[in-house]
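Worth saying up front: this structure is predicted, and the values here are computed from it rather than measured. Within every chain, numbering begins at 1; the chains are lettered A, B, ... in the order of the sequence lines, protein sequences first and strands thereafter. Hydrogens, waters and symmetry mates play no part in the numbers below; they use all other heavy atoms, side chains included.
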Amino acid sequence: MPELPEVETIRRSLAPLLTGRVITAARFLSPHAADHQPAELAARLAGARITGLDRLGKHLLLRLDSGTLDIHLRMTGKLLWNAAPGPHARALLELDQGLLVFDDIRQFGRFRWWPPGVVPPGLGPDALDLPFEGFAARLHARRGRLKAVLLDQSVLAGLGNIYVDEALFLARIHPLTPAARLGPVRLERLYAAIQEILAEALAAGGSSISDYVDASGERGAFQDRHQVYGRTGKPCSHCAAPIRRIVVTQRGTHFCPACQRR
DNA sequence: CGGAGCCCCTGTAAGC
DNA sequence: TGCTTACAGGGGCTCC
């Protein structure tokens with residue numbers, strides 16, 4: 001599932017290809033793909049010039065001279081450059097040079113339009129662009145458990161299920177620890193762990209569990225370095241205790257019961 | 001405010 | 001073998 005490292009990988013590869021191009025036509029092959037009337041959005045996009053490609057959390061922000069197209073890939077969404085549309089193609093952006101195919105098996109992904117100057121609401125600062133002091137203040141303002149708080153995109157944007165579990169393991173902190181109860185030592189360890197995990201995942205081109213590929217169809221490599229995610233029952237790389245899986249806010253949560261004590 | 005539960009989706013895997 | 005069911009989860013929603 002595309003989280004910050006995967007979305008940033010896509011952004012970096014597509015930005016030079018898309019910037020300066022003109023959308024000659026937008027086609028929605030599934031009504032689920034647009035948060036608006038598909039015909040309305042298609043009409044709005046046609047003729048727009050792309051001025052850049054930004055990212056905030058897991059959102060890709062296609063900057064146009066007329067506004068912003070906010071693309072969220074959710075679970076199985078892919079943006080494929082110059083690919084032949086397959087059976088799960090949900091939208092096409094035809095450019096004056098090139099074709100961008102939005103492919104999405106489970107159809108959770110969405111295109112949403114924002115007028116010029118509007119930023120997607122409900123998102124906290126990007127996880128890669130949040131200084132330690134801000135991170136500490138935002139966590140201390142929350143009363144929930146760390147797993148839930150770190151997944152909350154209004155606290156910080158970009159972390160999903162994989163990287164929250166991996167960061168908590170690296171920081172040796174139990175996912176059910178109340179966020180507000182972290183002292184300075186564990187807070188710093190968690191902050192550093194998040195930065196390290198995101199940087200390493202980005203350098204590896206992201207994680208491909210089942211569906212994720214970048215705009216060229218390439219898989220990431222970071223799934224081979226997951227320490228806890230998807231490793232239920234397997235030995236912890238640090239202490240060999242079996243990795244445990246619990247459910248927190250409806251999400252599978254993986255941790256080492258020995259290294260990450262309550 | 002927090003948390004539980006449901007929903008949207010569909011491919012895959014497990015169970016009978 | 002073939003059918004049915006459970007499960008995966010980001011985020012929006014309601015209800016308590």
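- Among the protein residues, A/Tyr229 comes within range of the sugar-phosphate backbone only, with heavy atoms under 4.0 Å from sugar or phosphate atoms but none that close to a base.
- Put simply, CZ on A/Arg142 is 7 Å from P on B/dC1, counting in whole angstrom units.
- The separation between A/His88 atom NE2 and B/dT10 atom P is 8 Å, rounded to whole Å.
- In this entry the distance linking CD1 of A/Ile105 with C1' of B/dG11 reads 7 Å, nearest Å.
- Using a 4.0 Å cut-off on heavy atoms, the residues of residues 242-251 of chain A that approach DNA chain C are A/Arg245, A/Arg251, listed by number.
- Distance A/Lys78 NZ to B/dT10 P: 15 Å, rounded to the nearest Å.
- No side-chain heavy atom of A/Arg63 sits under 4.5 Å from any side-chain heavy atom of A/Leu53.
- One can place CZ of A/Arg138 at 12 Å from P of B/dC1, the figure rounded to the nearest angstrom.
- OP1 and OP2 of B/dC8 both lie 4.0 Å or more from every side-chain N or O belonging to A/Arg106.
- Using a 4.0 Å cut-off, some side-chain N or O of A/Arg145 falls inside it from OP1 or OP2 of B/dA4.
- You'll find the side chain of A/Glu196 reaches within 4.5 Å of the side chain of A/Leu170, heavy atoms only.
- Atom-to-atom, CG of A/Leu139 to P of B/dG2 comes out at 11 Å; the value is rounded to the nearest Å.
- Contact footprint of chain A on DNA chain C: nucleotides with an atom under 4.0 Å from a non-hydrogen protein atom, first to last in 5' to 3' order, C/dA8 to C/dG11.
- The two atoms that bring A/Arg90 and A/Asp104 nearest to each other are NE-O, 2.7 Å, heavy atoms only.
- With sequence neighbours left out, the side chain to side chain contact (heavy atoms under 4.5 Å, CB included) criterion links A/Arg145 to A/Leu176, A/Val248, A/Thr249.
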Could you pull out every donor-acceptor pair under 3.5 Å between side chains of residues 250-259 of chain A and any protein atom, sequence neighbours left out?
unit_1, atom_1, unit_2, atom_2, d
A/Thr253, OG1, A/Lys147, NZ, 3.4
A/Thr253, OG1, A/Arg251, O, 3.1
A/His254, ND1, A/Asp165, OD2, 2.8

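- Ring planes of A/Phe28 and A/Phe111: perpendicular class, angle over 60° (limits at 30 and 60°).
- Between A/Asp65 and A/Arg49 no salt bridge is recorded (no basic side-chain N to carboxylate O distance below 4.0 Å).
- Residues satisfying the side chain to side chain donor-acceptor pair (under 3.5 Å) criterion with A/Glu200, sequence neighbours excluded, are A/Arg225.
- No more than 12 heavy atoms of other residues, nucleotides or ligands lie within 6.0 Å of CZ in A/Arg244, so this atom counts as exposed by the packing criterion.
- The aromatic rings of A/Phe132 and A/Tyr191 stand perpendicular to each other, their planes meeting at an angle above 60°, with 30° marking the opposite boundary.
- Screening A/Thr19, A/Thr9, A/Leu100 for a side chain to side chain contact (heavy atoms under 4.5 Å, CB included) involving A/Leu14 leaves a single residue, A/Leu100.
- Of all the residues in residues 146-161 of chain A, A/Gln153, A/Asn161 reach under 4.0 Å from DNA chain C with at least one non-hydrogen atom.
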